[in-house]
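Below is one structure, written out as structure tokens; comments come after it.
Labels below follow one simple rule: chain letters A, B, ... track the order of the sequence lines, proteins then strands, and each chain is numbered from 1.
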Amino acid sequence: DGGITQSPKYLFRKEGQNVTLSCEQNLNHDAMYWYRQDPGQGLRLIYYSQIVNDFQKGDIAEGYSVSREKKESFPLTVTSAQKNPTAFYLCASSIGGHRGWNEQFFGPGTRLTVL
Amino acid sequence: KQEVTQIPAALSVPEGENLVLNCSFTDSAIYNLQWFRQDPGKGLTSLLLIQSSQREQTSGRLNASLDKSSGRSTLYIAASQPGDSATYLCALKLTFGKGITLSVRP
């Protein structure tokens, strides 16, 4: 089955710790995205990558970091610098790349809670 | 900067009603517009994608239209069912509306 997987489904972090959220896709998509969803806030873009070894900051990149070493993987690290990391994190992918912005497909999400 | 607005935030209708969900945007220079469904605690499921050159798209009981000149899109749901209860979001490029939470009463 083609799709996007995110792990873990639930993640608990102590204050001051860095944590990494996994996102993998087997759709052969060039572009991948990370969003954060808070109640009443909708989705906000953290980082996106249109091609391997390249990524761009979104609207709320502070306190987060990403890498894109492989086409199918786009891990997100939530660092201790992120002051309010408790949220639902969603990863998406699209054909994208240099062919423009296309239909996005989403993973099931990771719920991060800071203890 | 693109802004996407969905009003109202919540809607409750009786089963069988036809309904329209609205999405408005500020920048008409768009690539495409996408409608999603989200169930509680889940990821987003793509419902319809309207390319910027298109006026509408249909899938089953769903029909989405796009009017770039007025900065509006509508998602029409025919003969609503309790299983349609979810949050519906529209998105342009990387900007999402906050969604409309729909409840269909049996």
Side-chain angles (χ1 to χ4, degrees), chain A residues 2-11 21 23-25 27 29 31-50 55-61 87-113, chain B residues 1-10 21-54 57-59 62 64 66 68 73 75 86-102:
Chain A
I4 303 173
T5 58
Q6 292 186 243
S7 62
K9 186 174 182 179
Y10 299 98
L11 185 58
L21 283 60
C23 178
E24 304 275 334
Q25 54 97 1
L27 301 168
H29 285 170
M32 297 186 73
Y33 314 86
W34 274 106
Y35 295 92
R36 169 180 172 143
Q37 188 176 34
D38 297 279
Q41 291 286 329
L43 273 70
R44 291 182 289 169
L45 182 67
I46 305 173
Y47 269 98
Y48 66 98
S49 168
Q50 291 186 273
F55 49 83
Q56 306 295 328
K57 292 182 179 180
D59 299 321
I60 56 165
F88 189 47
Y89 290 86
L90 290 159
C91 178
S93 72
S94 69
I95 294 175
H98 296 294
R99 285 169 283 177
W101 305 99
N102 292 288
E103 186 174 12
Q104 292 188 57
F105 297 89
F106 279 79
T110 292
R111 186 164 299 280
L112 173 63
T113 302
Chain B
K1 184 177 188 265
Q2 177 73 269
E3 292 184 8
V4 179
T5 303
Q6 293 185 257
I7 296 173
L21 306 181
N22 293 308
C23 170
S24 61
F25 48 92
T26 54
D27 185 356
S28 62
I30 64 173
Y31 286 93
N32 52 46
L33 185 143
Q34 194 168 359
W35 280 94
F36 295 90
R37 168 186 173 135
Q38 185 178 30
D39 293 289
K42 306 292 186 182
L44 276 65
T45 299
S46 179
L47 296 174
L48 289 164
L49 174 76
I50 311 176
Q51 303 279 1
S52 62
S53 58
Q54 297 174 321
Q57 280 286 344
T58 298
S59 176
L62 305 179
L66 174 63
K68 291 192 292 181
S73 176
L75 178 66
T87 298
Y88 292 82
L89 299 95
C90 65
L92 290 95
K93 204 170 170 179
L94 305 178
T95 303
F96 284 73
K98 293 183 179 181
I100 298 173
T101 299
L102 172 66

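Proximity to chain B (any heavy atom under 4.5 Å) is shown, for Gln104(A), by both the backbone and the side chain. If you measure heavy-atom distances from Leu90(A) to chain B, the contacts under 4.5 Å come from the side chain alone. Heavy-atom distances place the side chain of Leu49(B), and not its backbone, under 4.5 Å from chain A. Heavy atoms closer than 4.5 Å to chain A are found nowhere in Gln6(B), neither backbone nor side chain.
Using a distance-only test at 3.5 Å, with no hydrogens or angles considered, no donor-acceptor pair links the side chain of Gln37(A) to the main chain of Gln41(A).
The cationic atom of Arg111(A) (NZ for Lys, CZ for Arg) does not lie both less than 6.0 Å from the six-membered ring centre of Tyr10(A) and within 45° of the ring axis.
A salt bridge links Arg44(A) with Asp38(A): the distance from a Lys NZ or Arg NE/NH1/NH2 to an Asp or Glu carboxylate oxygen falls below 4.0 Å.
The distance between the ring centers of Tyr35(A) and Phe96(B) falls below 6.0 angstrom.
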